[in-house]
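First the structure, in the form of structure tokens, and then the observations on it.
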Amino acid sequence: MIGVLMLGLYLGVMRQQGDQPLAWVVTALAAAAVLAGYGAFHAAPLRGWALATSGVLLAALGLLAILSIGLPILIAGGLALVAAVRSVRRRSPAR
């Protein structure tokens, strides 16, 4: 959800400044949002992988944009990575 909001904010800021949004940024934010959405389903077979990939994408974008809109993106990446770790722990058998 945060990824989708930040994608909208990014597009709005770029339009307001009269610039073209970078295709790779839009693609990365959209892909991270789709992967996080997929990872939201507990029964998804590749849930951990999707959340980890989303978290890495969001964290990288957040670091690149830390001086402008990066902090919420970085937080979203951290949340996705925590969810990925928790999903792996949940699937592993109890000892």
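Note that the structure is a prediction, hence the values are computed from the model and not measured.
When side chains are defined from C-beta on, L29 counts as touching L58, because their heavy atoms get closer than 4.5 Å. A 4.5 Å side-chain heavy-atom check between L61 and W24 finds at least one atom pair inside the cut-off. For the pair V82/L51, no side-chain contact is recorded, criterion being any heavy-atom separation below 4.5 Å from C-beta on.
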Next on the checklist: Using the rule given for side-chain contact (heavy atoms from CB on, under 4.5 Å), can you reason through H42 versus R47, listing the C-alpha separation, both sets of side-chain angles and the distance that settles it, and then say yes or no?
Outcome noted: CA-CA 7 Å; H42 291 280; R47 179 177 189 245; 3.4 Å; yes
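At a threshold of 4.5 Å between side-chain heavy atoms, the hydrophobic network of Ile, Leu, Val, Met, Phe, Trp and Tyr places M14 and V26 in one connected group. In this structure, I73 is a member of the same hydrophobic cluster as V25, with clusters built from ILVMFWY side-chain heavy atoms closer than 4.5 Å. A single hydrophobic cluster is seen to contain both L11 and M6, as judged by linkage of ILVMFWY side chains at heavy-atom distances under 4.5 Å, directly or through other members. Hydrophobic clustering of Ile, Leu, Val, Met, Phe, Trp and Tyr side chains at less than 4.5 Å, counting indirect connections, keeps L71 apart from L81. Using a 4.5 Å cut-off between side-chain heavy atoms of Ile, Leu, Val, Met, Phe, Trp and Tyr, with links allowed through other members, V13 and L64 fall into the same hydrophobic cluster.
Closest of all the heavy-atom pairs between A28 and L57 is O-CD1, 4.0 Å.
Side chain of S87 to main chain of A84: a donor-acceptor pair is present (N/O by atom type, distance under 3.5 Å, no hydrogens or angles). Y10 contributes a side-chain N or O that, together with a main-chain N or O of L22, makes up a donor-acceptor pair within less than 3.5 Å. Looking only at distances, a side-chain donor or acceptor of T53 sits under 3.5 Å from a matching main-chain atom of W49.
Remark: T27 OG1 to L7 CG distance equals 9.5 Å, nearest 0.5 Å.
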